[in-house]
Structures are given as C-alpha cells and as structure tokens.
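Just below is one structure, and these are the notes that go with it.
Residue indices begin at 1 and follow the sequence shown.
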Amino acid sequence: MQTRLARLYQKGDLRVEMDTVPAPGPGEVLLKMAAAGICGSDLHYYQDGGFGPVRVREPIIPGHEASGRVSQAGEGVELKAGTLVAVNPSQPCGHCEYCVKGLPIHCLDMRFMGSAMRLPHEQGMFREWLVVPAGQCFEMGAETTAAEAACSEPLAVCLHAASRAGEISGKRVLVTGAGPIGCLMVAAARHHGAAEIVVTDLADAALARAKAIGASRAINVSEGAAALAEFEAGKGYFDLVFECSAAAPAIRSAIAAVRPRGTIVQVGVTGEIPVPLNAIVGKELHIHGTQRFHEEFATAAKLIASRKIDVRPIISHSLPLEEAAAAFTLAGDRTAACKVQLTF
C-alpha cells in the first residue's frame, strides 16, 4: 500500500512524496489520517534546521499532533473501523530508571514521533496513512471534528504545565505569549479555576484569540516593558505565570510582575538567555520547567471530546497535504495564523 507524506530533507526543503505502508500487526491499527497540526518544533525544523542542539541530520517526516480514522485493526484490537481517534506521539520504553519511578516523561529511551532528537530520527504523522500501536489511539466523541481531535497533543502539553504549577483555583495568572500553546494555556488555567488571566503578546490577532478562549485581559507589549508596569508595583501582582514565549524580555517582565514566593512555569523553549537571578532570589520565586505530558493526553482528549475545553478558537487554517510548504510558511506568520493544520 502507498501513502502520500511530507518529508523534510533540510532547512526549507519539504517535499510531498510517496512511500509504502505496512499492514497493521497484532495490537496495531491502520489509520487514514484526518488532520495534523504544525507545531513550533516543526517550524524550527523547517525554518532553522532544528532548535538548540536538536538538528535535522537525516530526512524526517514531521508532525506529532494529529487525528485519524481507524481503517483496519490488527489482531487483538477492538477499535471499530471509522472511529475518530487522537494519536499520542509519545512512546516511553516502560522499563528504564525513570519509567520504573513513574516519570515516563523523562524516559531514557523515549521515542516521540516526528522528533529529531534521536538518530535515526523518529518519523512523524504528516502522512495520509499511518500504522500505530492501538494503545496510542484515543477515541473521540461523535460530535468532535478531526481538527479538534488533532489539538489533543498541544492541550496535553498545557495540562501537564498546569500540573507543575500547583493550585490554580482562585489565582491571578499571567500568560506570556499568545501563540497556540499560550492560548491553550489560558484554556487550561480557566478550566482549573483561575480567578484572573492576563495575556501578553506582540500581535493583536494573537491576543484576540486569547480573549476568545478565555483570557480576562489581553495586553500588547510591543511598545515596551512599561505595558506591565501596573503589575510590578508592590513587588508584583500575579500569583502564577505561565511563560510561553521563551523571549528574554517576556521572562524578565514575568519575574518583575509575579509576587514574592509566586510561581513561574517555563513552558516556552529556547537556548541560553540571561535572567535576573537577583530578583529570583530576592523574591524567593518558584521556577518550574515543564515538558511534554504522559497521562494528560487521555485527559486532553476527553476534555476536547466533551468540549469542556473548546479548542476551536485557535484553529485558524487548514490546508491539504499537497500544500505542506505553503502551510509551513503560513504557520510562521503570527499576524495571520495561529494553529495551522494539514488535512489528508
């Protein structure tokens, strides 16, 4: 069987090609893919050839946030043909030191679809047909669209970030960066009962989406740090910050705007940047990193299927696989796009 797919050879070189698809084995399913979102890491691969030490060193099929419909089930699989599923791209080994300790996110032999961290690279989901273990497939509701189901992975990222923050209910929350993750972080904070959610960004279009998904207030900080001056009085206003931009000015503003002994969860990823350690120490701040997810994927799929979290405001564009290069270019334009998805 043949499938169309998008394969990245190097920076800026994304080609739509054909390849073979195996039959599903025991415990596996063959999916007719439906929708797949372009993530920030996919963009870094396309625009820059990677991020930090992670580089594209051989051809890779990107894509790790997707949905599909069951076409054929292997032996022992109960999923019915036609069922819409969200696909979890994460495959921890289950037996290394960290998996045994209940920390599969830190698996020493993690396989994560569409990732260039390993060599050979783990191939991703920008393809028309895909065989995966049935355990990675999460059934969605009858009213759920394929586009919504494909948002399960980024929402899972945000739900895990929320779990790193501690208690959110009743807290005053700042979200820096209103891209897809920033907007879904707003939705997650709202779901967890935040009393107030202020969002900052440089683009009005991004801020409008943040408002649509539940932000109390949206502030354009393009004119400088003074835009948050009102929140810096009295050693800071916010109880909790989700920093989603990975921009040095935003991180400095977050440190200035959070109250003493407040919490900053660093969601956005970048390389090395200077930070005001004196302020972190002087305010006794709690700084938490967060990456990926584990059990949160199932929760994200359920929240989307029930529309207890409505992800539709972030889905801005859908383009067919044949226009993959144009979709990547569009996804890089934050004035026009939020979550850009490929359709199959």
Under 3.5 Å: donor-acceptor pair, side chain of [X], backbone of [Y]:
X    : Y    : result
R164 : Q291 : no
R15  : R7   : no
R259 : G234 : no
S67  : A146 : yes
K339 : G37  : no
E296 : H294 : yes
R252 : P276 : no
E196 : R172 : no
K283 : A256 : yes
D310 : R307 : no

Please indicate whether [X] has more than 12 foreign heavy atoms, meaning atoms of other residues, nucleotides or ligands, lying under 6.0 Å from its [atom1].
X    : atom1 : answer
K11  : NZ    : no
F51  : CZ    : yes
E143 : CD    : no
R261 : CZ    : no
E230 : CD    : yes

H288 and H286 aromatic ring geometry - parallel, tilted or perpendicular at 30°/60° bounds: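 Aromatic pair H286/H288 classed parallel.
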According to the interplanar angle, ranging from 0 to 90°, do the rings of F238 and F231 count as parallel (below 30°), tilted (30 to 60°) or perpendicular (above 60°)? tilted
Does a donor on one side chain sit under 3.5 Å from an acceptor on the other, for [X] and [Y]?
X    : Y    : value
E243 : S245 : yes
S115 : E122 : no
S222 : N220 : yes

Does a side-chain heavy-atom distance below 4.5 Å link [X] with [Y]?
X    : Y    : result
F293 : E153 : yes
K32  : E128 : yes
V70  : C137 : no
I181 : P154 : yes
R57  : H121 : yes
S216 : V198 : no
E28  : V77  : no
Y98  : I105 : no

List the steps, then state whether side chain to side chain contact (heavy atoms under 4.5 Å, CB included) holds for R127 with V21. CA-CA 10 Å; R127 35 186 156 176; V21 183; over 6 Å; no
Minimal non-hydrogen separation, [X] against [Y], with atom names:
X    : Y    : answer
P62  : D42  : CB-OD1, 3.7 Å
A210 : V199 : CB-CG1, 4.0 Å
A150 : Q341 : CB-NE2, 3.7 Å
A336 : H317 : O-CE1, 3.1 Å

Is it true that [X] and [Y] fall in one hydrophobic cluster, defined by side-chain heavy atoms closer than 4.5 Å?
X    : Y    : value
I38  : Y46  : yes
V340 : F328 : yes
I255 : V173 : no
I168 : L285 : no
V269 : V265 : no

Applying side chain to side chain contact (heavy atoms under 4.5 Å, CB included), run through I304 and C151 and close with a yes or a no. CA-CA 8 Å; I304 289 173; C151 292; 4.1 Å; yes
When you look at V132 and M113, which way does the side chain to side chain contact (heavy atoms under 4.5 Å, CB included) test go after all the steps? CA-CA 10 Å; V132 293; M113 299 178 73; 4.2 Å; yes
Could you walk me through whether V29 and Q72 pass the side chain to side chain contact (heavy atoms under 4.5 Å, CB included) check? CA-CA 6 Å; V29 292; Q72 182 181 346; over 6 Å; no
Is there a salt bridge (Lys or Arg N to Asp or Glu O under 4.0 Å) between E167 and K171? Walk through the geometry before answering. CA-CA 8 Å; E167 183 60 51; K171 297 293 180 65; over 6 Å; no
Nearest 0.5 Å, please: how far is CZ in R69 from CG in L31?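 Output value for this atom pair is 11.0 Å.
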